[in-house]
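Data first, discussion second: the structure below is written as structure tokens.
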Amino acid sequence: MIKVNIVVTDVNDHSPVFSRETVQLNISEQSPPGTRFELEGAHDQDEGEYGTQGYRITDSTIGELFKVEYRSGRENLLNLDLVLSDRLDREVRDFYDFIVEAFDGGLPQKTGKLQVQVHVLDENDNAPVFNQSEYHALVWENAPLSSPVCRVYATDVDLGENGRVTYEINRRQSDPNELFAIDRNTGIIRLNKPLDFETQPFHELIIRAADNGQPPEYSSTLVAVKVRDINDNSPTINIMFLSESGQAEVSEGAVLGEYVARISVSDPDLGEADMVNVSLEGGDGKFLLKPMDPFLYSLCVDGELDREVADLYALRIVASDFGTPPLWSEHTFVIKVTDLNDSPPSFEKDEYTLTISEDTSQGSSVLQVHARDMDEGLNSIVHYSIAESDQDHLINIDPKSGLITTAVGLDHEREAKIQFLVVAVDEGTPPLSSTASITVYVEDVNDNEPVFEKQLYNVSLPEHTPIGTCFLQVTATDADSGEFGRVQYSLYHGFDSYDKHPLFLINPSSGQICVSQDIDREARLVTHDLLVKAEDQGGKSTQTYIHIEVEDLNDNRPVFNPETYVTSISSHTQPGTEILNVIAADRDSGMFGQVSYELLAGDLSSLFSVDKSSGVVYLASTVSHLGTASVKLSITARDGAGQSSTRPAGVTINILRSTLAPAVFQRSRYAFTVPEDSPVGTSVGTSGLISTSKALDHEAQPYALLVLQSQTASSPVYSSTQVNVTIADVNDNAPAFPQEAESVTVSQTTTPGTMLFIARAKDRDGGANGRVHYSLKSTEDGEDGTFAMDPVLGTLWLNRSLPQDGRRSYTLQILAEDGGTPALASVLTVTVNVDYSETEDSLAFETLVYQVEIGEKAPRDSRVIQVRAHGRRSRAYTSLSYSLQPLSGVPPFGIHPDSGWLFLSQSLDHEAVSLYRFGVLATARQGVSMLRATTTVIVIVLDENDNAPVFTRDTYFFTVQEGPSPQGLIGMVKATDRDSGKNSQLSYILLTDGKHFRINSNTVLVTDHGFPRLNATTTVHVLVTDINDNPPQFLHMPAGKELSVQVWAGLPVGSVVTTMFSKDLDAGDTPGHFEVNRESGEIRTTGLFSEHPREHYALTVIAMDNGSAPLKETAVVHLQVHPSESVGGTFMQFSVREDSQPGTVIGSVGSPERRYGTLYSIAEGDGSLHFGIDRSSGDLYVSQGLDYEATAQYLLKVRVEEAGRVPSNSSASVFVSVSVEDANDHSPWFADDVIVFGLEENQPEGAPVYTFNAKDGDGSWQNSALRYEIASGDGQKAPFHIDPITGTLTASGPIDREWSPSVAFTVTATDQAQELSNRKRAALTAHVFFLDVNDNAPMFRSSDVACIIEDAEPGSLVHRLVAKDEDLGKNGQVNYSILLGNEEGLFTLEENTGLLFLAGALDYESAVSHTLMVQATDNGLPSLSSTQTFTISVLDVNDQAPVFEHSIYNASIPENRAPGEPRYFSTH
């Protein structure tokens, strides 16, 4: 085995390699020299001398600032340091880019490169530098405030905040009075306070500029401001009045020419007196300005004065100078004309007529007269008095105020009219007076009740009196007059609680009582009791009682019951035997009801007879001879007046032949009586054959008639008898009153014998049992003899005068007792209230209700209204006091207890409470008793305009399509105003340009109609969307859309004739460059014109857009071909940029072959004004500015001549076509810098949102074709995508208003100029507000458990449920409800607030907890909701006593058991 070691010798086959190709360093410009920056070294895979040997900077110029140093490192790696050799200055150079090269030791060397990029960071090492060391400015002394004076400007070469300069005035060194102010950002110095040249003509300001570095750098400059003088001193006027008091006054007795004042004038700006002009204005010609010397004037009386006509004169002295502009001053003063007593007092009227109520209390106001005296001072002070008369004792007058009041109580019946004179006297010397006549009519009041002639009327009325028959007239008289004395009658709510009587009516005017329905005595009651009410027109009333007895008429015939009788007798019956008894009854009473009987003649009727009175049928003779037969008899009945029954009674007597004795009753009729309270089965009579089978009731059936038949088994003969059973009445019904209690009110002055009340009780029993007797039950009030009772009629009378002991009421018990045995009775309690109003004094307010209005802005302590109470007898009470009685809540008012003046104690708010209603109590002491009176005060709070309108939203977003005609309503803004009436009536005003919208664009102001008007504003964003309503437009063509183009006939094939270019104003379509070949827009020649000789061509060009309904525009190009002198001419083409400056050479038509001395000139062509030619060289140059958008092609004919030759032989023509190249000289532009619109959230991806439309004025396709881009302004990516060509914005991501309510971004439009550096752009800021949709359900935030003690009162608050909805407006308004768990109704939940209240009693022992399913629902459409399971734990309270398991325990205990030994009990 041989071991071989192979040594691989390294060769230089690897280059040093850096781990990165580029390194970027940020180095502060203040880094000191020697600062090192460690860089990662290069790695070379070779070893030894072939490894990395060093580093060097390849750019020698960098060596002055940077160098590289290297040192050995780990793993044979040379570490690299970049060392700063000198200081950096960012303001000189802010970026360095150089190569550090690593090299190895090979030959040749291999290298690796590292690009080093050094960014020099800015430090605040430069102070601001002003562009001037000193500034000078001129300003007029009358310059308005905020006027600009000058502008200082300083720059700082540092970056960012280090270079941002702000300015300030050094107040410590200049302008301490702050006459000037400087804009800290712009450096504009403005006037802050008024200047005065006379005070200070020159100002020096020290302006300091500071950057915003840390620390800042400063520099200062001087601003010298010179104030220019103006004519700003007006003349000065001084006035001295010549009256005794020194005041501006003159007596109305002043004579013409009398001096009133002395006036002096001066002007500090003027040196000569004749430079001031003085004039007098006003005074109605009563005064004159009289010059005394150049500086002095006198004011004199120039007309007769009368203070009563005019007591003041406004005069104005005007003094003006003759400066430029002229200045003037004025002094306005008022001359007062002093008084002489030359005018007597004058009443407003010579005669006063008024009406006053007779119940006006003593001291009440009647009228306040006012006499005006045109004089003043003592001459105008008026005193009033009443001239003596026979009625002057009735009236008083206040001598100062003229208030006329009543001196005594008035009585219309005593003085219906009061007449007197009022005298007014002034205090002048001598005094003057006048009089006025006063007539007062005392108006009657309703102070008397109607009085009936009788208190009880008894009347009889036959039954069946014809309807409409009036049988009684009641009369009541009223001592009042007029309407108050006119009485109306009515049947009053009486005994049986009816409003309208079924049988009677009363004439309301005459008091006649008439029959309204047929009265049947037998069908109804035989007596009727009525109450008649008499009422005057003031509401006072009285009543009387009418007792009506219904008289019987013979209106009923006797009636048999039964009408048919059948019986059998034996043929052996003896004459005189009683066979049967027929019975007839008559419903009438008295003789009209007495019945007699008669046997009508007929076959065999002579065999029988009938008792006339009793109706008993007897057998008159034997009937044995008849054998077996049947006899029919007819018996009639007549009453006492002779009326017979309608039908006779039919009697059938069957005669039987029998050898056996028939069973025959002992009598043909029997009569028995049985009490109505007999039990069922009671025997009737003595035989026991008849007994009661049902309960009896005398009131329902007083008797019963029975027919009995008897027959023996051995005999066919049977007999019959009648049994009349009378059901005897038992006193089982007590008298009954309609009500248990009644009350009446009587005056304390009622005379004895006056009927006060009628008691009416009904007893259903009959006879004595139903006969009612009345009496006063033995009580304290019923036994003193004050009252008496009629036992039969039930009338309550006043038996003696009521005592004046102050007793207010009596309680009586009326006993109604029937005549039964034992008697039954009932009691009616009657309260007799005693009215002392006619005998005692009382308090009363002037009115029952006071109503007053007050503005809601009335200050506190404002007087509202005065309430006044008076005694009935017109007494004045020194102890009278007033106090408030709140009805609900405490009103914001107080009352002065002595005067009754109500005042405002708290501020009012009409919107909170618009009306207050409360009571006022007046109290006064009369002896030991306290008088009281109450009144109601209603205070209406008037609305004042103290609430501005409020818009329902801060911002509104609407969208409307563009169009030539108005599209009607595009949206509505709404505001509300808490005020009322006109203060809440709103008008909407458009603040911005109303050219396109009415009320509805940009800023809308709403104002109410109150005074002063209040308003509010809101912003309305109207997004106008584009429609394809514009066809493409040939902007470079004249209005007629016809273009004339000239060309030379020698134009080569393919030459450009002209370029057609159109633009579409609509958004979203690709800008169209409509060309013949649809691409370049150039019309080119396709052949030589010489081959087709024509002088004119008409070309039609159509431009069409890409809309859904494409629109198009047509243009005509007229092409005129100019001959090029056949073949002899030369044709040349040049091009020039439209931004070429005049003088720019675009080419030459000269050639080296042409001789010296050749002359060039432009002979003709449409470009002869825009181009010129050098006559010697033939250089063609621009002579005027060019515009591609106006003309893109020019034709020139250049004439070439050789000097010294005959023109016809020495000239030639060069035909030149000049094409103007478009320069990108127009920037794109948007119609708006900022666009704001609203967009509903949750838009689907790809949904179009808006189309941006920018314009570019360039005429070529590349320079005007726009590309759109979008960039977010806040670093947050907008959820939109924009089509770069059409500018259409679409949704590209989720849009959630709750996450981000709005987004702002920038849209740029960039043209497509060929060179990137020449491209221009426009930017627009778009702010999109996301509009809420109802996409969030309410979510409960409150706890789902609560506790409540079991003895909590119903109405206690249990818990507040809180649910939040992230949506806005109605979408976010939450309503609460209980879905499940409240079947027992123990809880109530307020829908809007979520407050859960206890509605019923809880019991821990029944249920320790309650579980409710509650729901929160928003108000969106459709609404969203969520639910929560809510548990209420009931806390136990000690409300149950211990309970033993058994009620009784038994045990046996031996007597010898030790104490404490347990024992067990047994239970039973």
Return yes if a side-chain donor-acceptor contact under 3.5 Å exists between [X] and [Y], otherwise no.
X	Y	value
Glu204	Ser174	no
Ser19	Glu40	yes
Asn162	Asn212	no
Gln117	Gln24	yes
His119	Asn26	no
Thr1288	Thr1286	yes

Would you say [X]'s side chain and [Y]'s backbone share a donor-acceptor pair under 3.5 angstrom?
X	Y	value
Asp158	Asn126	yes
Asn177	Leu179	no
Asn192	Glu178	yes
Lys113	Ile99	no
Glu141	Val227	no
Asp104	Lys110	yes
Asp183	Asn185	yes
Gln132	Glu134	yes
Ser1219	Ser1135	no

Anything under 30° is parallel, anything over 60° is perpendicular, the rest tilted; go ahead and classify Phe1230 against Tyr1268.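 Rings of Phe1230 and Tyr1268: tilted, as their planes differ by 30° to 60°.
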Do Phe98 and Tyr96 have ring centroids that are under 6.0 Å from one another?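 Between Tyr96 and Phe98, the centre distance exceeds or equals 6.0 Å.
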Using ring centroids (six-membered ring only for Trp), state whether Tyr55 and Tyr70 fall under 6.0 Å.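 So the answer is yes for these two rings.
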Could you tell me whether [X] and [Y] make a salt bridge, using a distance below 4.0 angstrom between a side-chain N and a carboxylate O?
X	Y	answer
Glu1269	Arg1267	no
Lys1320	Asp1311	no
Asp175	Arg171	yes
Asp81	Arg36	yes
Glu1221	Arg1137	no
Asp122	Arg90	yes

Working note: His1021 + Phe1237, criterion ring-ring contact (aromatic ring centres under 6.0 Å, His included); need CA distance, chi angles, decisive distance, verdict. CA-CA 6 Å; His1021 298 282; Phe1237 61 92; 9.4 Å; no
Set out, in order, the CA-CA distance, both residues' side-chain angles and the distance that settles side chain to side chain contact (heavy atoms under 4.5 Å, CB included) for Leu1331 and Arg1297, then state yes or no. CA-CA 7 Å; Leu1331 306 182; Arg1297 186 206 63 80; over 6 Å; no
Of Val120, Thr35, Asp94, the residue whose pairing with Leu88 passes side chain to side chain contact (heavy atoms under 4.5 Å, CB included):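 One option only clears the test, and that one is Val120.
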Looking at every heavy atom in both [X] and [Y], which two are closest together, and how far apart are they?
X	Y	result
Asp46	Asp44	N-OD1, 2.9 Å
Pro215	Asn124	O-ND2, 2.9 Å
Asn1224	Arg1319	ND2-CA, 3.9 Å
Val149	Leu191	CG2-N, 4.1 Å
Pro128	Glu217	CD-O, 3.4 Å
Thr155	Val165	C-CG2, 4.4 Å

Heavy-atom count around Arg93 CZ within 6.0 Å, excluding the residue itself: above 12?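 Atom CZ in Arg93 is packed in, count exceeds 12.
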Does any non-hydrogen side-chain atom of [Y] lie less than 4.5 Å from one of [X]?
X	Y	result
Phe1280	Val1249	yes
Leu121	Ile27	no
His1281	Leu1289	no
Asp1225	Glu1138	yes

Determine which pairs satisfy ring pair (Phe, Tyr, Trp, His ring centres under 6.0 Å) with at least one residue from residues 131-182, sequence neighbours left out, and list them in order.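 Passing the test, one end in residues 131-182: Phe180-His203.
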Residues that Arg208 engages under salt bridge (charged side-chain N to carboxylate O under 4.0 Å, His left out), provided they are two or more places apart: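 Arg208 satisfies salt bridge (charged side-chain N to carboxylate O under 4.0 Å, His left out) with Glu168 only.
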Derivation and outcome, side chain to side chain contact (heavy atoms under 4.5 Å, CB included), residues Ile182 and Val152: CA-CA 9 Å; Ile182 188 169; Val152 297; 4.0 Å; yes
